[in-house]
Every structure is written in structure tokens, then in C-alpha cells.
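Side chains included, hydrogens not; waters and symmetry mates left out as well; all remaining heavy atoms used.
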Amino acid sequence: MGDPREPPEGAPDGGSGNEDEYRSVVFDESFVRAARIQELSARERLAGSFGRATRPRVRFGPLGSVPRQALALLLLVLLAFGAAVYFGVSSPNRISARPEGSQLTVSLVALSPASVVRPVADPANPFAALPVGYSDGAIGLGTPTGAATEHFSRVEVTKALDTVQRYLVASSLAPATLVQGATAEVRAFVTPGEQAQFDTSVTQPVDDRHHALTGWLVRFDPAQVALAADTVKVTGAMRIDEADGGTLQITTDHTFVYALKPAGAAAGAPVTLETVRRQLTFQFDRVDLASAQLRLVDSVVQAGPEPCTTSMAGFLQPVLATPQGTQVPPPAPIDPGNHAQPAWQVCGVLAP
């Protein structure tokens, strides 16, 4: 037998047939590794058993081998987060967190008559003695023309003023509210965050600075009082301001004069003038403006002639004049050292 290292056809001419003779010329190791190719059969190619071609990953510094698409997605997420933080902090028109729960603070001040309460001279013209400056109903509210503020447009301010005016009409001028016990129309203006407080004020009114119904609206006990005239005389003004960049604030200060008589009294019965000053602070964010609702955050009410000994939380309690005049005891002195009496429950003297 021949040498197994020799080719089957024998050694080529001029050669010795030794493998070492060709190793340095043709079959070096690097050549053999590069030429190691596996040919697949037709069945294997149809079955898809061969590996899928892949693109080599590109290395990016210390991140190691990361797909380029993943880096692009990460960059987009970071940019979006940064933009959200920037606009959330710096945008002047952002909507601030909406306050919830009890927001309204009420201060009620009864004005006791300085002398005998007498009826008006002419029941047919009960407002004849009023000074100049009072107007009929909504005209006396003095609603200003809307003007843009730093963070609110003219349209937004105008809408807020319109909402406030309609609220004042519903809560201070509407007969259904004044002497018929209606509250639904006023409640419709109140934001959801204050409606629970409003409802408690209706069902359980108390002078605790938060749940006096007369802080929300003007009303008289229909069992005791009736309107002697549908007209209400009004004077006052409104001021536009901003509580912050996302909160528009409107402050109103009006005096309302009502002509009253005893409930069920016949025509020609004595008529008494009740004077009520309402200083109210309203706030709006852009959600409130869109829903035409408001947040009443502060209410100061002065009313007279009122007795100092009767609560005004549920109804105003006017002293009604008789033909001979009605005498009311003067206000009792206030002792600052008496902590049993709430400090906010005060009584003043009504000017003649």
C-alpha cells in the first residue's frame, strides 16, 4: 500500500509527495479556516434551517453594545419628559390644583337700630328718601367692561364678570331666593368643590364662619317677611385682580336696600327698609370659566336693622316697623375677655 499522505493519483511530477512540501504554499492554517464552508442541501434551504443574517451591533462608548433604535427612543423619551417639566413649571396659563372642601369664610355683622324703627313715609314710593347713587336692580351692580389682565384674556375676564353678575342677581335680587326659600339657582353657580359646604349651609346653617347660608345669598323667612316692592335698590362696584397666574379674582362690594312688610299683611301695611352690604371675593381658574361657575372664598355681610340677639345664619332677621314704631334694645357691650363668645360674632349700630 502507498503512503496515506500521498494523493490517490500519486505524487505529482517533480514532487516528493510529502505534505510539508505544500503546507507553506497552499494549505496554511489561516487559509483552511477561511475556506471552511458548509454547503446546505436543497431540503435544508427550503426548511429555513440556516441562520438569519444579522447586522453587527455598533458599540457606543461606555454604554456597551446598544441598538441604535433603542438609543433614539431613549433620547425621545428624555426630551419629552424635559419639555413636560419645563412647560408645567413655566407656563403662565397652567391650571393650578383646584381646592376642595370648605373654602368660603363668612363674617356676619348685625346692625342694630340706633333708635326706634319707623316705617317709610310713603309705602307707594318706599325708596324716596335714599341718597343719590342707587339704581334699580342689576343696573346698580356697576359691572365693568372686561379688560385683559396679565394672564387672562379680555374674553376670559368678560366671562368671569358675567358669571359674577348673574350670581349676584340670583343670590341678591331674585324674589324666589329672597322670600320663597329657593336655593337651586344659586347652587348651580357653585363649583363642585364647594357644593358640599353649600348644601350643609342650607340644611344646617350655623354662624361658625363657614356654614352660614346668608353668606351665600340674601333671604328672609317667608313666614315672617314679604316684599313690599319687587324693585331692589343697589349701589356698588366690582374690582378685577389676579390671586396668582392661574387664578382670576373679582371682588364685589354692594349695598342692597329692600322694601319689606310683614308676611300676609294687607295693602297699605307699614313698610320697612332693610339695608344689606355684601362684600364678596370670587375666584376662577380656567375650568371654572369653561363651566361658568365660581368659587366664593370670602363673604362679609352687614345687615340692619337687625337685633343683636338673633342669629342671621339661616335667615336675615329684620326688625319690621309698626305704625307707632318699633323699639329695639341697644347692643350689649362686648367683653374681649369673654372667650365663651366667638370673636367674630359682633354687632354694630345702624346709622340713621
Distance-only check: which donor-acceptor pairs under 3.5 Å involve side-chain atoms of residues 115-127, not counting sequence neighbours?
unit_1 : atom_1 : unit_2 : atom_2 : d
D122   : OD1    : A124   : N      : 3.1

Contacts of F198 that satisfy ring pair (Phe, Tyr, Trp, His ring centres under 6.0 Å) - sequence neighbours left out = W216

Rounded to the nearest 0.5 angstrom, the CD-CZ distance for Q293 and R187 is 9.5 Å

Check: R278/S171 side-chain N/O donor and acceptor closer than 3.5 Å = yes

Can you say whether the rings of Y258 and F256 are parallel (under 30°), tilted (30 to 60°) or perpendicular (over 60°)?
-> parallel

Salt bridge (Lys or Arg N to Asp or Glu O under 4.0 Å) partners of E156, counting only residues at least two apart = R286

For R239, enumerate each residue passing the salt bridge (Lys or Arg N to Asp or Glu O under 4.0 Å) test, keeping only those at least two apart in sequence or located in another chain.
-> none

For C347, side-chain contact (heavy atoms from CB on, under 4.5 Å) partners two or more places apart = A110, S112, C308, P331

In Å, rounded to the nearest 0.5 Å, how long is the span from CZ of F152 to CG of D241?
-> 11.0 Å

Sorted by chain and residue number, the salt bridge (Lys or Arg N to Asp or Glu O under 4.0 Å) partners of D162 (sequence neighbours excluded) come out as R166

Can you sort out the partners of D253 under salt bridge (Lys or Arg N to Asp or Glu O under 4.0 Å), two or more places apart, ordered by chain and number?
-> R277

side-chain contact (heavy atoms from CB on, under 4.5 Å) filter on T281, not counting sequence neighbours, yields Q249, T251, V297, D298

Is the number of heavy atoms from other residues, nucleotides or ligands within 6.0 Å of CD1 (I139) greater than 12?
-> no

About how many Å separate CG of D199 and CG of L213, when rounded to the nearest 0.5 Å?
-> 10.5 Å

Could you list all the salt bridge (Lys or Arg N to Asp or Glu O under 4.0 Å) pairs where at least one residue sits in residues 216-233, not counting sequence neighbours?
-> D136-K233

Any chance you could measure L280, atom CG, to L296, atom CG, to the nearest 0.5 Å?
-> 5.5 Å

Excluding sequence neighbours, so at least two apart, what forms side-chain contact (heavy atoms from CB on, under 4.5 Å) with A212?
-> V106, L108, T214, A313

Other residues, nucleotides, ligands: >12 heavy atoms within 6.0 Å of Q204 CD | no

side-chain hydrogen bond (donor to acceptor under 3.5 Å, both in side chains) pairs, two or more places apart, involving residues 314-331 | none

Taking side-chain contact (heavy atoms from CB on, under 4.5 Å) as the test, write out the residues that go with N338, two or more places apart.
-> D335, A340, Q341

